[in-house]
Each structure stands twice: as C-alpha cells, then as structure tokens.
Trainee: 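One structure is given below, represented as structure tokens, and several questions about it will come after.
All values derive from a computational prediction rather than experimental measurement.
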Amino acid sequence: MRALTILLLAICCTSQAARILGIFPYNSHSHFNMYEVLMKELVNRGHHVTVLSHFPQKTKYINYIDLSVNGSLPAVTNNVSMELISSLNSVTSFFDIIGDTLNMCEKVLQHPNTKKLTSSKEEYDLILIEVFGAECFFGLLHKIKAPSVSLTSSVMLPWANARFGNPDNPAYIPNYFLPLTYRMTFSQRLINTMFKVWLCAMFYYYSDYRSQQIARRYLGEELPGLSDLARNSSLILVNSHFSINQPRPLVPGVVEVGGLHIKSPGKIEEGLEKFLNESKHGLIYFSLGSMVRSETMSATTLEAILDAFSELPQNFLWKVDGDLLPRLPSNVRAGKWLPQLEILAHPNTLAFITHGGLMGLQEALYFGVPMVGIPLFSDQELNIQNLSPKVAVSLDYKTLTKASLLQALNTVINDQSRVHSSERNDEPYIEPYAELRGEH
Ligand SMILES: *[C@@H]1O[C@H](CO)[C@@H](O)[C@H](O)[C@H]1NC(C)=O
Ligand SMILES: *[C@@H]1O[C@H](CO)[C@@H](O)[C@H](O)[C@H]1NC(C)=O
Ligand SMILES: *[C@@H]1O[C@H](CO)[C@@H](O)[C@H](O)[C@H]1NC(C)=O
Ligand SMILES: *[C@@H]1O[C@H](CO)[C@@H](O)[C@H](O)[C@H]1NC(C)=O
C-alpha cells in the first residue's frame, strides 16, 4: 500500500515537467557557466532541457539534450593574448562584440544542429535565450513558438532596457562599457550620456539592419524584426545585485539574479588540496579568467610578478601555463586549469588577484575573499571600481611593477577589515608585514 502511494505521488509530481529550450550561442565559457548551472538545476527539478551551445556536456546528464555548435567559431577559452587585450578600449570593445555578434550569427545559424532545431517538430513550453551579442537568435523564436525568458551573464545591457521599458538614466547609471561609478562628476555624466546615445544608435544599426539581413538569409525573408521578437520576451534575468553593482530602478520584468552560478564547492584533487592545506601563511590565487593567456604578458611584467611573489611567505596558485613562464619560485604553483570555486572557498585562501570578470568576482565575494583587481577589458574596470577601495584594490596593468603589486597585496592581506574568516585573526602571518606596511 505504501509503495503504491509513493508511486502515485511520484507520478503526480513528475507530471509538472516542462520542456525547456536554452539558446546560448555566445562562445565564452564564463557566460555559459551561469546558463549551465540554471539548465542543470531545471533538470534536477524534473524538467527536460535541450541546450544549443558551444559547450556540450562531457558526461551524459539525464534529461539534458545537447545541440552542440562547438567548432563553428574559433575558441576563445585560453586563446586570448595580452597583445590583443592592450588594443581594446570602450569603443573597440563595443565593436569587438558587434563583430563577434555578426560572425556568430552567420556561423551558428548555418550549423547543422541549429538547422535541426528549426526544422524539427519538437514543441517547447519555454525558451531561455541569451541576450549578450545574440540578437540574431531571436529569429529562432519566430520558428519555435513558445514564451521566452531572456538571460544575461552580465549586468543589464544598455540596449536591453528599452525592450522591457526599464528606466536607464545616464545621469546616474553608468554605461556598461565605461569605467564610471554612480558617483559621476558633471563631465563624466555628460560623457556617459553622449556615449549612451551613440551606443544605442550603433546598436540599432547593427542589430536591426545587419543582423536582420543575416537572419533573414537563414530563417526566411518573412522574418519579423529581431528587436520586435526580442521585445516579446516576458522576463530578463540579469547577473547583477544591488549590493555590488549599483542600486537602480528596475521594472518587474527585470530580475536580478547575481551569483546564480555559484555552486557548493566540490572535491579538490588530493595533491592540490594538500598544497592548500599546507599553506600555513595563507594562499593567494591568481587568475586572469578563462580566456586570457597570462603567459603572454610582457617579459618585464612577468618578472615583476614572479619577483613580488617570491618575496612573500604566502603560497600562490596561478592559472597559467607554467612551462611558458621564465621560472617558478618555490612558493608558486601553476595550472592551465584550476578549480577556482573550490580554491576561493578554501579557508587558507587570503586573496584573489583577478582581472575583474563578473563571475569570479561574485565567487570571491561569496566566500569573503578580498581582491587585487587588474582590469583588462569590457566591464572589468567597472566591476573593480564598484568594489574599490574597500573590497578590492585596483592596479593598472600597463604600469604594474613589483612594488605596486607588493603594496596592493600587502594592503589586501593585512587590513583586518578585509579578512573574512574570524579564525584567521589569530594567525601569525599578519605580523611579518608590519615593516613593509611602514615603507608605503
Ligand atoms: C570542441 O571541439 C574540439 C575539437 O574540434 C574539442 O577539442 C573540444 O574539446 C570541444 N569542446 C567542448 C567544450 O566540447
Ligand atoms: C585561437 O584564436 C585564433 C585567432 O582568433 C584562431 O585563429 C584559432 O583558430 C583559435 N584556436 C582555436 C583552437 O580555435
Ligand atoms: C510573443 O510570444 C507569445 C508567447 O509568449 C507568442 O504566442 C506570440 O506569437 C509571440 N509574438 C511574436 C510576434 O512572435
Ligand atoms: C585538508 O584539510 C581538510 C580539513 O582539515 C581535511 O578534511 C582534508 O582531508 C585535508 N586534505 C589533505 C589532502 O590533506
């Protein structure tokens, strides 16, 4: 009898399952990170998901069907050099995204798995679709009719505000591409306003005109305007939170889900865990994110960084190809890939040297790890500015020296107000820096 009741309960509860389609055409792993966590959680809650992305599951995940478009675009994961980064600024960053967008539109729409999606008779109850540089793919919503929810792994994007009728006043809301905070001077507000007008004009030209042309080629001449399709989205989930980004008015259709991607830490490989456990003076984790190859920094900068590291008693973990470094001091370990979340969650981790990518920054905040920010491109400078000076110390990559790095690290390590874990307050590592602190 009990077994029958359980069986009946099981049947009644699984009947709520929805078929959900995720469309994530942008080929950056950090963006996908957030969408993957969300899609898997939907599966865990009984739904069936189909995911169009560049990052298929490595091992089979039940009720999660991959429509992989991997290979349609050049990889950016661990494939961006510092030379390329140095050529970027607010304006070129924007054109870079636009260029990527148009290329992505063409390459992903012609992929066999995208065609399979548009020609299949499969029906969906809901579509989740990325808005970051993915205008074109709103065209798919004309082929596959279902209510849609937009997603972005960044803060609210300038061009998405109008779609949801969300207020975006440039007098106090800094543009995504500008390193300004809400405490703007008059001239900064003026620049912010002019930039917003220019950006929206450029965006409409490229989105409504260029993307539209490409999308019509693949999805049919009768395709309605992409921005009309985008405007039909019921909701947008944005990766911001008023506590770390700025407080701003939001209409009910714009929902902040900052930090949604943060999972509970998993197991660390034993050798690495031992290194973390044995870092009695604490550990400092250094990563410039999933895209940038740290080893492409100039020889002088690499030397400055290694010199600074070798002068400190802490251990260091650096996401870098160690074979390509000039040398590796005994307190530094390198890895081409490191379990970032688990490292940040480890009680011995004292600080995080970061490029200021939103995902890693949210993880560090979640585990209470203070940061030294070396912003490189896109929204990174804005992200660091938002946490500066209390949670993060900002360093300029172009003028980075051994002394400036040491000073920033010492500030972050020694300032008691930044140390999160109460049990750390008794550790002797605080003391040896007294005279260094006096120097600066
Ligand atoms: C994408 O495909 C390439 C081979 O073309 C492979 O090396 C890579 O691991 C794949 N990436 C993913 C995330 O599956
Ligand atoms: C790395 O980027 C370069 C330049 O965009 C590209 O030509 C190359 O194919 C990329 N590498 C991979 C493995 O996709
Ligand atoms: C807008 O979305 C609804 C589902 O939420 C759909 O029925 C309708 O056809 C869509 N409108 C357009 C113009 O695609
Ligand atoms: C590291 O320390 C934790 C907590 O003390 C312990 O549970 C774990 O077994 C240690 N791991 C290694 C490899 O020493």
Side-chain angles (χ1 to χ4, degrees), residues 22 24 26 28-42 44-45 128-134 149-161 163-164 166-169 172-183 233-265 285 287 289-290 340-345 352 354-371 373 375 377-388 390-392 394 418 420:
F24 309 122
Y26 205 74
S28 154
H29 199 276
S30 59
H31 293 228
F32 185 68
N33 208 354
M34 169 177 164
Y35 313 138
E36 184 180 27
V37 169
L38 179 60
M39 295 317 272
K40 285 188 165 174
E41 187 54 31
L42 288 168
N44 296 346
R45 295 184 186 201
L128 297 181
I129 180 164
E130 153 156 54
V131 297
F132 193 90
V149 167
S150 298
L151 287 174
T152 179
S153 59
S154 65
V155 301
M156 190 63 176
L157 291 162
W159 48 84
N161 284 301
R163 289 180 196 163
F164 292 88
N166 198 45
D168 185 23
N169 187 339
Y172 65 97
I173 301 174
N175 196 285
Y176 175 79
F177 293 94
L178 296 177
L180 302 170
T181 68
Y182 63 93
R183 293 178 289 263
S233 227
S234 311
L235 190 69
I236 182 166
L237 305 182
V238 297
N239 191 19
S240 58
H241 191 264
F242 55 79
S243 61
I244 55 172
N245 309 102
Q246 69 170 135
R248 58 173 289 179
L250 299 174
V251 295
V254 180
V255 179
E256 296 198 297
V257 295
L260 175 145
H261 71 288
I262 302 172
K263 299 177 276 195
S264 8
Y285 172 56
S287 168
S290 62
Q340 172 160 302
L341 190 79
E342 285 72 19
I343 295 170
L344 291 172
F352 177 26
T354 172
H355 64 316
L358 192 54
M359 299 299 194
L361 185 137
Q362 288 170 335
E363 290 166 11
L365 275 171
Y366 185 82
F367 293 109
V369 178
M371 287 164 263
F377 58 98
S378 187
D379 57 341
Q380 294 159 6
E381 190 162 352
L382 174 64
N383 295 340
I384 299 288
Q385 285 303 328
N386 279 335
L387 301 182
S388 183
K390 208 58 204 157
V391 183
S394 182
R418 295 165 202 266
H420 63 93

Trainee: I need the minimum non-hydrogen distance between Gly253 and Phe164, along with the two atoms involved.
Mentor: O-CD2, 4.2 Å

Trainee: Compare every heavy atom of Asn175 with every heavy atom of Pro158, then report the nearest pair and how far apart it is.
Mentor: CG-OD1, 3.8 Å

Trainee: Rounded to the nearest 0.5 Å, how far does NZ of Lys263 lie from OH of Tyr366?
Mentor: 13.0 Å

Trainee: I want to check something: taking the side chain as every heavy atom from C-beta on, are Val257 and Val255 in contact at a cut-off of under 4.5 Å?
Mentor: yes

Trainee: Which residues pass the salt bridge (charged side-chain N to carboxylate O under 4.0 Å, His left out) test with Asp379, sequence neighbours left out?
Mentor: none

Trainee: Side chains of His261 and Glu363: is there a donor and an acceptor less than 3.5 Å apart?
Mentor: yes

Trainee: Is there a side-chain contact between Ser287 and Gln340 (heavy atoms, below 4.5 Å)?
Mentor: yes

Trainee: Please tell me if the side chains of Leu180 and Gln385 come closer than 4.5 Å, counting only heavy atoms from C-beta onward.
Mentor: no

Trainee: With a 4.5 Å heavy-atom cut-off, do Ile244 and Asn386 have their side chains touching?
Mentor: no

Trainee: Is there a side-chain contact between Leu250 and Val238, using heavy atoms and a 4.5 Å cut-off?
Mentor: no

Trainee: Rounded to the nearest 0.5 Å, how far apart are CG of Leu358 and CG of Asn383?
Mentor: 5.0 Å

Trainee: Would you say OH of Tyr172 has more than 12 non-hydrogen atoms from neighbouring residues, nucleotides or ligands within 6.0 angstrom?
Mentor: yes

Trainee: Taking all non-hydrogen atoms of both residues, which atom of Gln380 and which atom of Gly357 are closest, and how far apart?
Mentor: CG-N, 3.9 Å

Trainee: Which residue is it: Val254, Val131, Ile236? I am looking for the one with a side-chain contact (heavy atoms from CB on, under 4.5 Å) to Arg163.
Mentor: Val131

Trainee: Within the 3.5 Å criterion, strictly below it, is a donor on Asn239 or Gln362 matched to an acceptor on the partner's side chain?
Mentor: yes

Trainee: Mind checking the OH-CD spacing from Tyr26 to Glu130? Nearest 0.5 Å is all I need.
Mentor: 8.0 Å

Trainee: Does Glu36 reach the main-chain N or O of Asn33 with its side chain, forming a donor-acceptor pair under 3.5 Å?
Mentor: no

Trainee: Which distance, rounded to the nearest 0.5 Å, do you find between the CD of Glu41 and the CG of Leu260?
Mentor: 9.0 Å

Trainee: Measure across Leu341 and Phe367 and return the closest heavy-atom pair with its distance rounded to 0.1 Å.
Mentor: CD1-CE1, 3.6 Å

Trainee: How are the rings of Phe132 and Tyr176 set to each other: parallel, tilted or perpendicular (split at 30° and 60°)?
Mentor: perpendicular

Trainee: For Pro167, is there any backbone N or O sitting under 3.5 Å from a side-chain donor or acceptor partner on Arg248?
Mentor: yes

Trainee: Is the shortest side-chain heavy-atom distance between Ser153 and Ser30 below 4.5 Å?
Mentor: no

Trainee: Between Ala364 and Phe352, which heavy-atom pair has the shortest distance, and what is it?
Mentor: CB-CD2, 3.6 Å

Trainee: By ring pair (Phe, Tyr, Trp, His ring centres under 6.0 Å), which residues pair with Phe24, not counting sequence neighbours?
Mentor: Tyr35

Trainee: Mind checking the NE2-CD1 spacing from His355 to Ile384? Nearest 0.5 Å is all I need.
Mentor: 9.0 Å

Trainee: Specify the closest pair of heavy atoms between Val149 and Ser233, including all atoms of both residues, with the distance to one decimal.
Mentor: C-OG, 3.8 Å

Trainee: What's the spacing between Thr181 OG1 and Leu387 CG if we round to 0.5 Å?
Mentor: 11.5 Å

